[in-house]
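Values below: every heavy atom of this structure, side chains too, minus hydrogens, waters and symmetry copies. As the structure is a prediction and not an experimental result, all values here were calculated from the model.
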Amino acid sequence: MPLLYFPSVCSFITGSYDRTCKIWDTASGEELHTLEGHRNVVYAIAFNNPYGDKVATGSFDKTCKLWSAETGKCFYTFRGHTAEIVCLAFNPQSTLVATGSMDTTAKLWDVESGKEVSTLAGHFAEIISLSFNTMGDHLVTGSFDHTAILWDVSSGSKVQILTGHRGEISCVQFNWDCSLIVTASLDKTCKVWDADSGQCLATLLGHNDEVLDVCFNYTGQLIATASADGSSRVFSAETFQCLCQLEGHNGEISKVCFNPQGSRVLTASVDKTARVWCVNTGVCLQVLEGHSDEIFSCAFNYEGDTIITGSKDNTCRIWH
């Protein structure tokens with residue numbers, strides 16, 4: 001079960017090594033739909049928030065499929081990548097799906113027609129993370145070639161190449177007002193970039209092992225990092241200073257996210273636990289124990305009062 005994703009207030013989705021994606025009811029934990037059709041691992045999944053009626057799945061079978069979230073019907077199969085699809089996203093307008101692949105390219109697909117819109121070629125190694133900005137006019141891709149590239153969505157052309165990392169990029173994300181991009185790298189750092197100029201504004205230091213995940217809070221004022229050193233950190237997106245260190249896990253942290261209110265950070269670890277932290281103090285407020293194998297994904301719902309965790313024990317847990 002490689003990934004989970006909170007699509008809406010009342011349901012969430014999981015992708016799995018069993019080649020399916022499942023839609024679940026958050027309140028009851030009951031399965032609503034099984035999306036079957038891929039011929040290999042379903043590794044990347046996304047929901048078209050805030051509309052909530054479509055799911056995209058990306059697979060090691062080199063295809064992406066577009067589904068109805070309400071009926072489970074497959075609308076389209078997007079074919080064209082020559083290697084595994086490992087990341088994808090809807091644009092905020094829900095008119096495009098972007099896919100990133102081990103074939104070193106990203107592709108944009110039209111949701112309405114099912115046709116390929118453009119191929120974004122420019123990286124020299126696999127693309128493992130991508131993110132649309134809030135306006136939907138730019139896309140950033142992060143690659144194992146140590147760079148991130150900012151693309152103009154309408155033309156499919158490169159706007160900026162973000163160079164400076166000394167290791168593979170593990171994650172890329174825009175902030176809410178589209179002014180900043182943050183990148184996490186296996187070089188043990190994160191970098192914050194000006195989205196207009198492509199200039200590196202700051203390098204976020206402090207971790208002593210690979211940084212595996214990074215995210216902005218919903219207002220874009222805070223940045224949280226997750227590292228293989230077993231710690232997470234919260235930085236100011238304005239001063240770039242480390243505000244607190246979240247320490248307590250007994251193994252690498254693969255996933256980090258903020259609650260919608262920005263007051264809590266959630267981390268998922270190979271130590272089989274997830275933890276909820278206070279952003280202001282760095283204190284661990286809750287340890288979510290019960291999985292029998294490492295937790296690789298976690299998410300808050302929109303209200304911030306429910307948490308989903310996904311584990312290599314082949315289960316998801318819903319925490320209230």
Those residues that, when tested against [X], pass salt bridge (charged side-chain N to carboxylate O under 4.0 Å, His left out) (two or more places apart):
| X | answer |
| --- | --- |
| Lys191 | none |
| Glu70 | none |
| Lys107 | Glu116 |
| Glu294 | Lys312 |

Can you measure from [atom1] ([X]) to [atom2] ([Y]) and round to the nearest 0.5 angstrom?
| X | Y | atom1 | atom2 | answer |
| --- | --- | --- | --- | --- |
| Phe144 | Thr104 | CZ | OG1 | 13.5 Å |
| Glu31 | Ile23 | CD | CD1 | 9.5 Å |
| Ile295 | Glu289 | CD1 | CD | 9.5 Å |
| Phe174 | Thr134 | CZ | OG1 | 8.5 Å |
| Arg79 | Cys64 | CZ | SG | 11.5 Å |
| Cys215 | Gln173 | SG | CD | 6.0 Å |

Close side-chain approach of [X] and [Y], heavy atoms under 4.5 Å:
| X | Y | answer |
| --- | --- | --- |
| Glu126 | Val86 | no |
| Asp53 | Asn48 | yes |
| Lys255 | Cys298 | yes |
| Cys278 | Arg264 | yes |
| Cys21 | Val55 | yes |
| Ile307 | Thr309 | yes |
| Thr57 | His38 | yes |

For a quick test of reading the model, state the closest non-hydrogen atom pair linking [X] to [Y] and the distance between them.
| X | Y | result |
| --- | --- | --- |
| Ser129 | Ser170 | CB-O, 4.0 Å |
| Arg166 | Asp187 | N-OD2, 2.9 Å |
| Ile318 | Phe12 | CD1-CE2, 3.9 Å |
| Val172 | Gly142 | CG1-CA, 3.7 Å |
| Trp24 | Gly29 | CE3-O, 3.5 Å |
| Ser101 | Ala83 | OG-O, 3.1 Å |

Given 3.5 Å as the limit, does a donor-acceptor pair link the side chain of [X] with the main chain of [Y], or not?
| X | Y | value |
| --- | --- | --- |
| Gln160 | Asp196 | yes |
| Ser311 | Asp293 | yes |
| Thr26 | Ser11 | yes |
| Asp103 | Thr82 | yes |
| Asn133 | Cys178 | no |
| Ser269 | Gly251 | yes |
| Ser227 | Glu210 | yes |
| Thr163 | Thr147 | no |
| Asn175 | Gly220 | no |
| Ser59 | Val41 | yes |

Show which residues join [X] in its hydrophobic cluster (side-chain heavy-atom contacts under 4.5 Å, direct or indirect), or state none.
| X | value |
| --- | --- |
| Val256 | Leu222, Val234, Leu243, Leu246, Phe258, Val265, Trp277, Val279 |
| Leu212 | Leu186 |
| Leu108 | Leu96, Val117, Leu120, Leu130, Phe132, Leu139, Ile149, Trp151, Val153, Ile161 |
| Ile85 | none |

Handout entry: Ser231 and Gln245: CA distance, side-chain angles, deciding distance, side chain to side chain contact (heavy atoms under 4.5 Å, CB included) verdict
Key = CA-CA 7 Å; Ser231 75; Gln245 301 178 41; 5.9 Å; no

If you group Ile, Leu, Val, Met, Phe, Trp and Tyr by side-chain heavy-atom gaps below 4.5 Å, do [X] and [Y] land in one group?
| X | Y | answer |
| --- | --- | --- |
| Ile128 | Tyr17 | yes |
| Phe235 | Leu201 | yes |
| Leu66 | Phe47 | no |
| Leu266 | Val270 | no |

Problem - side chain to side chain contact (heavy atoms under 4.5 Å, CB included) assessment of Val192 paired with Leu204 - result: CA-CA 8 Å; Val192 183; Leu204 309 182; 4.1 Å; yes

Exercise for the section: Output every pair passing ring-ring contact (aromatic ring centres under 6.0 Å, His included) with a member in residues 56-114, not counting sequence neighbours, ordered by first then second residue. Expected result: Tyr43-Phe60, Phe78-Trp109

Fill in the blank from the handout: For residues 182-216, the ring-ring contact (aromatic ring centres under 6.0 Å, His included) pairs (sequence neighbours left out) are none

Handout entry: Flag if over 12 foreign heavy atoms under 6.0 Å of NZ, Lys272
Key = no

Handout entry: Gln221 versus Thr219, side-chain donor and acceptor atoms under 3.5 Å
Key = yes

Problem - Criterion side chain to side chain contact (heavy atoms under 4.5 Å, CB included) on Val111 and Lys54, from CA distance to verdict - result: CA-CA 9 Å; Val111 166; Lys54 294 181 180 70; 3.7 Å; yes

Exercise for the section: Kindly indicate, with the supporting measurements, whether the criterion side chain to side chain contact (heavy atoms under 4.5 Å, CB included) is fulfilled by His123 and Thr141. Expected result: CA-CA 9 Å; His123 283 293; Thr141 53; 2.8 Å; yes

Problem - With sequence neighbours excluded, residues passing side-chain hydrogen bond (donor to acceptor under 3.5 Å, both in side chains) with Asn40 - result: none

Fill in the blank from the handout: Across all chains, not counting sequence neighbours, the side-chain hydrogen bond (donor to acceptor under 3.5 Å, both in side chains) partners of Gln261 are Asn259

